There are 2 protein chains.
Amino acid sequence: MPQVERHVTKFNDFLLQQGLKPTSERTALIREIFSTHYHFDADELLFKMKQNEVKISRATVYRTLELLVKSGLVRRVHLGEDHYHYEHVSGDSHHDHLVCTVCGAVIEFHDEELERRQREICEKKKFTPTFHNLQILGVCDACRRKGQLPDAPDRVRMIHATKLRR
Amino acid sequence: MPQVERHVTKFNDFLLQQGLKPTSERTALIREIFSTHYHFDADELLFKMKQNEVKISRATVYRTLELLVKSGLVRRVHLGEDHYHYEHVSGDSHHDHLVCTVCGAVIEFHDEELERRQREICEKKKFTPTFHNLQILGVCDACRRKGQLPDAPDRVRMIHATKLRR
DNA sequence: CGGCAACTGAGACTCAGTCTCAACCGCAAA
DNA sequence: TTTGCGGTTGAGACTGAGTCTCAGTTGCCG
Ligand SMILES: [Mn+2]
Ligand SMILES: [Mn+2]
Ligand SMILES: [Zn+2]
Ligand SMILES: [Zn+2]
């Protein structure tokens, strides 16, 4: 998929324009991110890189993620867990998330009625919104069919790909 | 306000019924929580206790908060920061939060239309919701009037009462 | 060639939260 | 009254995610 390369190019442009350098580590990271993941966390990414070939330090992973966010190619999101996740920024815009607490699946949605209603609420409260953050936790269709039960709602623990701890 | 004592009693009942003990530490904590705070975090509470008279360890604060959550008197919530907050559970039920990223004010709201729309979305996606989590970040009326600008939306840092670091 | 700015990995550090452990009640049976 | 025994506590070790520092590396430009 040449999509990946388009992202590499866009990131390189961003870097150059900032006086920064398109290093092999940065390129490897963005390639990994845009060829596979969609919602992922830093540790997952670090693990994937280790799996591949490339040895990249935690520091560089975090530093590159920060750059990717600044460049607008990637967004940092909360998914109801106690660490951050990241997602691709597709041309389309804001969306919220349904998160399955059994299998970890993430379903995106954008609903204009919901957005509109939020704006109304803010107006009523004389509140100037800049940003919002909605996760609906529950059980996805597949897991429900299998009769899986969700975890306790206030102690959600999502299932991730196995990770290599430091 | 005898409200506080009603909560103390309810918590004691819960403890006894669980074979646990209404110790002075636990009572002091619940008194502090229900006489002052509404949304607060563990560190804030620890600090307040220090300010008062009582010396209570961090471990006990966290342990007691867990018990309070189990007892149903207190709820653990996300407010868009990277640590938990807690709030009183008033007889009324679920609500969401507007959080001012300038002054840290928290405005609660419950909107049935919003809730209904979320249920509709889940239905459409064949998703069984158990819980959701919505924070709208922005600037409250007071701060807007003062012309305060919000922080970058993805790096929110709320203002808290000064805290005594460990 | 030398300088210089950006870059990197290792690992120290932070912060919130959890866990362990030894000392400490307070009550009830012996 | 002594002993035993759960439950409780504080100190501090530990964890996990994330940040920061620093010394060594790289690549470019004069
Ligand atoms: Mn998403
Ligand atoms: Mn609230
Ligand atoms: Zn699922
Ligand atoms: Zn405000």
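Sequence lines set the chain letters: A, B, ... in the order given, protein chains first and strands last, and positions in each chain run from 1. We use all heavy atoms of the structure for the numbers below, so side chains are in, but hydrogens, waters and symmetry mates are not. Note that the structure is a prediction, hence the values are computed from the model and not measured.
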Both B/Gly19 and B/Val61 contact DNA chain D. Which one's nearest nucleotide lies toward the 5' end?
B/Gly19
B/Thr60 or B/Gln18: which one's nearest nucleotide on DNA chain D is closer to the 5' end?
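Nearest-nucleotide comparison on DNA chain D picks B/Gln18.
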Ignoring backbone atoms, establish whether B/Thr23 has a side-chain N or O less than 4.0 Å from OP1 or OP2 of D/dT9.
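For D/dT9, OP1 or OP2 has a side-chain N or O of B/Thr23 closer than 4.0 Å.
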On the nucleotide C/dA10, are OP1 or OP2 found under 4.0 Å from the side-chain N or O atoms that A/Lys55 carries?
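For A/Lys55, the contact criterion (side-chain N or O under 4.0 Å from OP1 or OP2 of C/dA10) is met.
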Is B/Ser35 reaching over with its side chain to a backbone N or O of B/Glu32, donor-acceptor style, under 3.5 angstrom?
yes
B/Asp41 side chain to B/Asp43 main-chain N or O, any donor-acceptor pair under 3.5 Å?
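Confirmed, B/Asp41 side chain pairs with B/Asp43 backbone.
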Kindly say whether, by distance alone, the side chain of B/Arg63 makes a donor-acceptor pair under 3.5 Å with the base of D/dG10?
yes
Is any N or O donor-acceptor pair between the side chain of A/Arg58 and the base of D/dG18 shorter than 3.5 Å?
yes
Among [options], the one nearest [X] by side-chain distance:
X       : options                : answer
A/Glu25 : D/dG10, C/dG9, C/dA16  : C/dG9
A/Ala59 : D/dG10, D/dT8, C/dG11  : C/dG11
A/Ile56 : C/dG9, C/dG17, D/dG18  : C/dG9
B/Tyr62 : C/dG17, D/dA17, D/dT19 : C/dG17
B/Leu20 : D/dG7, C/dG17, C/dA5   : D/dG7
B/Lys21 : C/dA5, D/dG18, D/dG6   : D/dG6

Separation of [X] atom [atom1] from [N] atom [atom2], in whole Å?
X       : N      : atom1 : atom2 : value
B/Leu16 : D/dG7  : CG    : P     : 13 Å
B/His83 : D/dA17 : NE2   : P     : 18 Å
B/His85 : C/dG17 : NE2   : P     : 9 Å
B/Asp43 : C/dT18 : CG    : P     : 13 Å
A/Leu45 : D/dG18 : CG    : P     : 12 Å
B/Leu67 : C/dT18 : CG    : P     : 13 Å
A/Asp82 : C/dC15 : CG    : C1'   : 13 Å
B/Leu65 : C/dC19 : CG    : P     : 15 Å

How are the rings of B/Phe14 and B/Phe11 set to each other: parallel, tilted or perpendicular (split at 30° and 60°)?
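Ring orientation, 0 to 90° scale: parallel.
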Can you classify the ring geometry of B/His97 versus B/His39 as parallel (below 30°), tilted (30 to 60°) or perpendicular (above 60°)?
perpendicular
When A/His94 is tested against each of A/His110, A/His132, A/Arg75 for side-chain hydrogen bond (donor to acceptor under 3.5 Å, both in side chains), which residue passes?
A/His132
Please say which of A/Glu115, A/Glu120, A/Glu113 ends up in a side-chain hydrogen bond (donor to acceptor under 3.5 Å, both in side chains) with A/Arg117.
A/Glu120
Please work out if B/Arg26 contacts a base, only the sugar-phosphate, or nothing of the nucleic acid, heavy-atom cut-off 4.0 Å.
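The residue B/Arg26 makes sugar-phosphate contact but no base contact.
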